[in-house]
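What follows is a set of notes on a single structure, which appears directly below.
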Amino acid sequence: MLKQNLQQKLLQKLSPQQIQFIKLLQVPTVSLDTRIKEELEENPALEDLSLTNLNEPEEQYPDRDPDEDTYNGDEEKGEMDEFNIDDYLQDDSVNDYGSRYDQNGDDEDERKEIPIAVQNSFFESLQLQLDLLPLSDKDFKIGQQIIGSLDDDGYLRRPIMSLTDDLAFSQNVMAEDEEVEDVLKVIQRFDPAGVGARSLQECLLIQLRKKDPNDPIIGKAIIVVEQYLDEFTRKHYDKLEKSLNMNSDELRGVVNEILKLNPKPGDSNEINTKQMQVIPDFHITNNDGTLILTLNSKNAPELRVSRSYQEMFQHYDKAAQKDKKLKEAVQFVKQKLDSAKWFIDAIKQRQQTLLKTMNAIMQYQYEFFLTGDDKNLKPMILKDIADRINMDISTVSRVANSKYVQTEFGTFLLKSFFSEAIQTESGEEVSNKEVKKILEEHIGQEDKRHPLADEKLTDILKDAGYNIARRTVAKYREQMNIPVARLRREL
């Protein structure tokens with residue numbers, strides 16, 4: 001039996017401008033230049049004034065309230081499709097983004113390129129060492145294959161059999177597993193020590209065996225890594241003393257020797273280019289008790305719609321007769337002009353949203369930004385800021401998750417200012433950041449020979465008036481990347 005149902009669904013559809021704004025909002029400052037360069041390459045109707053010599057007087061956009069610069073999901077479609085030449089032939093195509101927020105005077109410093117020292121990469125260093133060895137052509141190719149198969153930490157994570165197959169298929173080199181193993185042992189003698197290992201245990205052993213074999217501490221360290229690595233990593237020192245018949249002083253020497261080793265030899269001489277440099281989006285300065293918020297000028301590029309494209313559009317529009325090709329050209333130019341205007345508006349809305357959100361956070365956490373004391377951080381969730389600025393929680397989240405503010409106390413990710421509320425015995429609500437700070441202080445001051453267990457930390461907090469459960473203490477400790485008491489123990 002067939003049934004007919006009538007359903008009504010409410011769908012929210014984002015316009016292309018809104019999607020563009022959302023994508024730009026979550027781009028961190030360090031990546032904004034790249035994003036703008038991509039847009040400049042794709043759209044010839046968009047120009048960067050910092051790269052353009054202007055011989056004409058500049059007229060600036062009038063100041064507008066940030067509330068007025070929001071996109072409406074159903075922006076008048078007629079305006080989008082209408083062919084209004086006045087929208088493109090206006091003289092206010094130069095904005096003042098670059099000057100309005102630059103109050104720090106440090107933009108020139110930020111634009112200077114930082115020189116990078118020339119240095120061989122990790123893999124280049126291994127290849128140079130391989131080049132110096134008197135190897136046969138076959139062994140040399142095997143060595144290249146092994147070096148190319150190492151990961152960034154310097155480990156060989158792939159089975160020898162897979163390397164043998166790769167040599168056969170990609171280089172037409174027929175090698176036995178034993179031959180690959182022999183060349184691997186040669187590479188394991190390269191610097192940095194430990195390179196080419198297939199496990200942490202092998203990595204540590206390679207480094208220990210390069211040390212003085214007559215040193216009794218080295219000999220016992222080798223035995224610990226070979227036979228008792230699990231007990232060592234779990235800090236079961238009593239078992240080690242008993243099993244190896246050592247006193248605490250001898251064990252301390254062995255432990256210190258192992259701790260000197262490098263568990264990731266690939267990082268030892270490598271410049272980590274993947275790590276992004278933190279560039280603050282905002283600066284907060286204290287002027288005699290009054291906080292002043294400024295936006296990093298990198299967030300305010302000087303963009304404008306190309307005048308040459310405007311003139312081209314004007315020429316096409318005035319043409320008496322338009323054939324098919326000319327109409328296509330007019331549509332193309334119109335599309336590029338539209339895209340340029342949307343991008344400029346999205347950039348402007350981005351910077352206004354950033355300022356509005358950061359200003360609300362600054363006002364909410366005013367005491368913290370004045371003192372830098374974590375105990376002055378008030379409990380604050382995304383909804384608190386979203387309600388203050390009349391924006392969606394998702395918008396605040398996008399700003400908080402990827403933006404940084406520079407203060408006189410350091411540079412902070414905005415996300416770090418958000419925290420849950422904890423109620424004290426007196427009924428006062430405090431930030432869980434305050435509780436974490438107290439935990440961190442007590443753990444930092446503990447006797448490392450007898451570190452504080454979670455139960456003891458819970459009792460300390462209760463004595464201080466913070467009535468929280470042991471599992472909550474464990475959760476906060478894990479969030480701060482602090483291991484359990486047993487793993488914090490030192491000899």
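All of these numbers come straight from a predicted model, not from anything done at the bench.
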Quick one, Q349 with D345, criterion side chain to side chain donor-acceptor pair (under 3.5 Å). Give me CA distance, side-chain angles, the key distance, then yes/no.
CA-CA 6 Å; Q349 189 182 358; D345 287 342; over 6 Å; no
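- A heavy-atom distance below 4.5 Å is not found between the side chains of Y366 and N376.
- The two residues I217 and G253 have their closest heavy-atom pair at CG2-O, 3.7 Å.
- For D384 (side chain) and I381 (main-chain N/O), a donor-acceptor pair under 3.5 Å exists by modelled atom type.
- Distance check: L354 CG to R398 CZ gives 13.0 Å after rounding to the nearest 0.5 Å.
- Between the side chain of Q129 and the backbone N or O of D191 there is at least one donor-acceptor pair closer than 3.5 Å.
- When atom types are taken as modelled, the side chain of T233 and the backbone of D230 share a donor-acceptor pair closer than 3.5 angstrom.
- P263 approaches C203 most closely through the heavy-atom pair O-SG, 4.1 Å.
- Across all their heavy atoms, A175 and L167 have their closest contact at CB-CD1, 4.4 Å.
- Side-chain polar atoms of S397 and N401 form a donor-acceptor pair below 3.5 angstrom.
- R158 approaches S149 most closely through the heavy-atom pair NH1-OG, 4.0 Å.
- The number of heavy-atom neighbours closer than 6.0 Å to CG of N245, taken from other residues, nucleotides and ligands shown, is 12 or below.
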Go through the steps to decide whether L295 and H283 satisfy the test side chain to side chain contact (heavy atoms under 4.5 Å, CB included), and finish with yes or no.
CA-CA 6 Å; L295 183 69; H283 299 85; over 6 Å; no
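- Summarising the local packing, CZ of R157 is surrounded by more than 12 heavy atoms from other residues, nucleotides or ligands at distances under 6.0 Å.
- For N296 (side chain) and P280 (main-chain N/O), a donor-acceptor pair under 3.5 Å exists by modelled atom type.
- Using a 4.0 Å cut-off between a side-chain N of Lys or Arg and a carboxylate O of Asp or Glu, K211 and E257 qualify as a salt bridge.
- Counting only distance, with no hydrogens or angles, the side chain of Q127 and the backbone of F123 share no donor-acceptor pair below 3.5 Å.
- Between K264 atom NZ and L200 atom CG the span is 10.5 Å, to the nearest 0.5 Å.
- In this structure, D281 contributes its side chain and Y404 its backbone to a donor-acceptor pair below 3.5 Å.
- At distances below 3.5 Å, not a single donor-acceptor pair connects side-chain atoms of T411 with backbone N or O atoms of T407.
- The neighbour count for K415 NZ, taken as heavy atoms of other residues, nucleotides or ligands under 6.0 Å away, does not exceed 12.
- Using a 4.5 Å cut-off on side-chain heavy atoms (C-beta onward), Q365 and L377 make contact.
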Could you walk me through whether V473 and I468 pass side chain to side chain contact (heavy atoms under 4.5 Å, CB included), step by step?
CA-CA 7 Å; V473 170; I468 59 176; 3.8 Å; yes
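- Counting heavy atoms from C-beta on, the side chains of F343 and L40 never come closer than 4.5 Å.
- Atom NZ of K456 is surrounded by 12 or fewer heavy atoms from other residues, nucleotides or ligands within 6.0 Å.
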For T285 and E408, run side chain to side chain contact (heavy atoms under 4.5 Å, CB included): C-alpha distance rounded to whole Å, both residues' side-chain angles, the deciding distance at 0.1 Å, then the answer.
CA-CA 7 Å; T285 53; E408 57 186 272; over 6 Å; no
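- Although no hydrogens or angles enter the test, the distance criterion places a donor-acceptor pair under 3.5 Å between the side chain of N247 and the main chain of E250.
- Salt bridge K436/E440: absent, no basic N to carboxylate O contact under 4.0 Å.
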Applying salt bridge (Lys or Arg N to Asp or Glu O under 4.0 Å), run through E241 and K239 and close with a yes or a no.
CA-CA 6 Å; E241 286 180 5; K239 289 183 181 179; over 6 Å; no
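- In this structure the side chain of V396 never reaches within 4.5 angstrom of the side chain of D392, judged on heavy atoms.
- Between K242 and D238 there is no salt bridge, since none of the side-chain N atoms of the basic residue sits less than 4.0 Å from a carboxylate O of the acidic one.
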Side chain to side chain contact (heavy atoms under 4.5 Å, CB included) assessment of I218 paired with V254:
CA-CA 7 Å; I218 299 299; V254 169; over 6 Å; no
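- Here the side chains of Y155 and R198 are not in contact, with every heavy-atom distance at 4.5 Å or above.
- A 6.0 Å sphere centred on NZ of K235 holds more than 12 heavy atoms belonging to other residues, nucleotides or ligands.
- With respect to the salt-bridge test (charged N to carboxylate O, under 4.0 angstrom), the residues E39 and K37 do not qualify.
- We find the NZ-CG distance between K260 and L208 to be 11.0 Å, quoted to the nearest 0.5 Å.
- The shortest heavy-atom contact between R477 and P483 is NH1-C, 3.4 Å.
- Ring pair F368/F409 is tilted by interplanar angle, where 30° to 60° counts as tilted.
- The CG atom of L135 sits 13.0 Å away from the NZ atom of K138 when rounded to the nearest 0.5 Å.
- Between T357 and I389, some side-chain heavy-atom pair lies under the 4.5 Å cut-off.
- E231 contributes no side-chain N or O that, together with a main-chain N or O of L240, makes up a donor-acceptor pair within less than 3.5 Å.
- A salt bridge does not link K141 with E179: every distance from a Lys NZ or Arg NE/NH1/NH2 to an Asp or Glu carboxylate oxygen is 4.0 Å or more.
- Counting heavy atoms from C-beta on, the side chains of L46 and I344 come closer than 4.5 Å.
- Taken to the nearest 0.5 Å, the CD1 atom of I482 stands 10.0 Å off from the CG atom of D454.
- In this structure, M380 CE and I385 CD1 are separated by 5.0 Å, a value rounded to the nearest 0.5 Å.
- The pair K185-E178 fails the salt-bridge criterion, with no side-chain N (NZ, NE, NH1 or NH2) lying under 4.0 Å from an Asp/Glu carboxylate O.
- Within 6.0 Å of CE in M174 there are more than 12 heavy atoms belonging to other residues, nucleotides or ligands.
- With ring centers used as reference points, F417 lies under 6.0 Å from F369.
- Annotation for D447: atom CG counts as buried by contact number, over 12 foreign heavy atoms lying within 6.0 Å.
- Taking the side chain as every heavy atom from C-beta outward, R350 and L32 approach each other to under 4.5 Å.
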Step by step, work out the salt bridge (Lys or Arg N to Asp or Glu O under 4.0 Å) result for R209 and E226.
CA-CA 12 Å; R209 285 169 179 157; E226 274 185 331; 2.5 Å; yes
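- The backbone N or O of F412 sits nowhere less than 3.5 Å from a side-chain atom of S416 that would complete a donor-acceptor pair.
- Scanning all heavy atoms of the two residues, the minimum distance from P265 to F122 falls at O-CE1, 4.2 Å.
- In summary, E367 and K378 do not engage in a salt bridge, as defined by a charged side-chain N under 4.0 Å from a carboxylate O.
- Atom CD of E441 has more than 12 heavy atoms from other residues, nucleotides or ligands within 6.0 Å.
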